[in-house]
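Please read through the structure below; I'll follow up with questions.
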Amino acid sequence: QVQVVESGGGLVQAGGSLRLSCTASGLRFDDYAMGWFRQAPGKEREGVSCISWSGSSTVYVDSVRGRFTISRDNAKNTLYLRMNSLKPEDTAMYYCAADRTSGYCRGSWFNREYYWGQGTQVTVSS
């Protein structure tokens, strides 16, 4: 059984930083791409970032590029999202997701099938 568990969310002031972590078990972690998604109240879930199985390729949504950094440690089955220069509009529930089928972040990676975590709340105050 695949389990995906996020941690590291919290309340931070605008301009601050947070690091989210995610562990995944029950799958060959280093075979699959991993992603971070977020959903704000009243909005659709959006793909924030994706990282390939090896970590050599990353993708970011325009609104976070240059501020967020995705990384992974395959030896620890752990995914990270370092978030700097946080803005109030970054407030959302953040979800970690393990790709079910692919090791790469190509095309419409945000529309593929994933194993999902329960989410961790990030709140940025102005």
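Side-chain atoms are counted along with the backbone in the values below, which use heavy atoms only and exclude waters and symmetry mates.
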- [ ] Specify the closest pair of heavy atoms between Gly9 and Leu20, including all atoms of both residues, with the distance to one decimal.
- [x]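 Looks like N-CD2, 3.6 Å.
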Task: Verify same cluster id: Val124, Met83 (apolar side-chain graph, 4.5 Å) - done: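 Yes, because Val124 and Met83 connect within a single hydrophobic cluster, where side-chain heavy atoms sit under 4.5 Å apart.
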Task: Beyond-backbone contact of Thr23 with Asn77, side-chain heavy atoms, under 4.5 angstrom - done: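 Side chain of Thr23 against side chain of Asn77, heavy atoms only: no contact under 4.5 Å found.
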Task: Minimum side-chain heavy-atom gap Leu86-Gln13 below 4.5 Å - done: no
Open item on the list: Whether the side chain of Thr78 engages the backbone of Lys76 through a donor-acceptor N/O pair (distance < 3.5 Å, no angle test) should be reported.
Closed with: yes
Task: Whether Asn84 side chain and Ser17 backbone form a donor-acceptor pair below 3.5 Å - done: no
TODO: Find out whether Ser102 and Tyr32 are in side-chain contact, i.e. whether some heavy atom of one side chain is under 4.5 Å from a heavy atom of the other.
DONE: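 No, side chains not in contact.
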- [ ] Answer whether the closest heavy-atom distance between the side chains of Trp116 and Arg45 falls below 4.5 Å.
- [x]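 Touching, per the 4.5 Å side-chain cut-off.
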Task: Nearest-0.5 Å distance, CG of residue Leu11 to CD of residue Gln121 - done: 9.5 Å
Task: Backbone of Gly103 reached by a side-chain donor or acceptor of Ser52 within 3.5 Å - done: no
Task: With Asp90 via salt bridge (charged side-chain N to carboxylate O under 4.0 Å, His left out) - residues at least two apart - done: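 For Asp90, the residues satisfying salt bridge (charged side-chain N to carboxylate O under 4.0 Å, His left out) (neighbours in sequence not counted) are Arg38, Arg67.
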Open item on the list: Tell me the closest heavy-atom pair linking Thr120 and Ser7, and the distance in Å.
Closed with: OG1-C, 4.3 Å
Open item on the list: For the CZ atom on Arg28, are there more than 12 heavy atoms of other groups (residues, nucleotides or ligands in this structure) within a distance under 6.0 Å?
Closed with: no
Task: Ring centres under 6.0 angstrom apart (Phe37, Trp109) - done: yes
Task: Spacing of Arg72 atom CZ and Ser21 atom OG [to the nearest 0.5 Å] - done: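 The distance works out to 14.0 Å.
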Task: Asp99 side chain vs Gly35 backbone, donor-acceptor pair below 3.5 Å - done: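 No, because the side chain of Asp99 does not come within donor-acceptor range (under 3.5 Å) of the backbone of Gly35.
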Task: Spacing of CE belonging to Met34 relative to CG belonging to Leu81, to within rounding of 0.5 Å - done: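 Answer for the CE-CG pair, Met34 versus Leu81, is 11.5 Å.
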Task: Side-chain donor/acceptor of Arg100 to backbone N/O of Arg112, under 3.5 Å - done: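 The answer is no, because no donor-acceptor pair under 3.5 Å joins these two groups.
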Open item on the list: To the nearest 0.5 Å, what is the distance between CZ on Arg65 and OG1 on Thr58?
Closed with: 9.0 Å
- [ ] Would you indicate whether the side-chain heavy atoms of Phe110 and Val48 approach each other to under 4.5 Å?
- [x]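 No. Closest side-chain heavy atoms not under 4.5 Å.
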Open item on the list: To the nearest 0.5 Å, what is the distance between CD on Gln39 and CD on Glu44?
Closed with: 8.0 Å
- [ ] Provide the closest heavy-atom pair for Ser49 versus Ile70 in the form atom of the first, atom of the second, distance.
- [x]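 The answer is OG-CG2, 3.2 Å.
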Open item on the list: Minimum heavy-atom separation for Ala98 and Val4, please, with both atom names.
Closed with: CB-CG2, 4.5 Å
- [ ] Quick one: closest heavy-atom pair of Ala92 and Ala40, and the distance?
- [x]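 Reported closest heavy-atom pair: CB-N, 3.8 Å.
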- [ ] Taking all non-hydrogen atoms of both residues into account, name the closest pair between Gly26 and Val2 and its distance.
- [x]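 Between these two residues, the closest heavy atoms are O-CG2, 3.5 Å.
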Task: Listed once per pair and sorted, the ring-ring contact (aromatic ring centres under 6.0 Å, His included) pairs that draw on residues 66-99, sequence neighbours left out - done: none
TODO: Kindly say whether Gly119 contributes a backbone atom to a donor-acceptor pair with the side chain of Glu6 at under 3.5 angstrom?
DONE: yes
Open item on the list: Let me confirm one number: the OG1-CG distance from Thr101 to Asp31, rounded to the nearest 0.5 Å.
Closed with: 12.0 Å
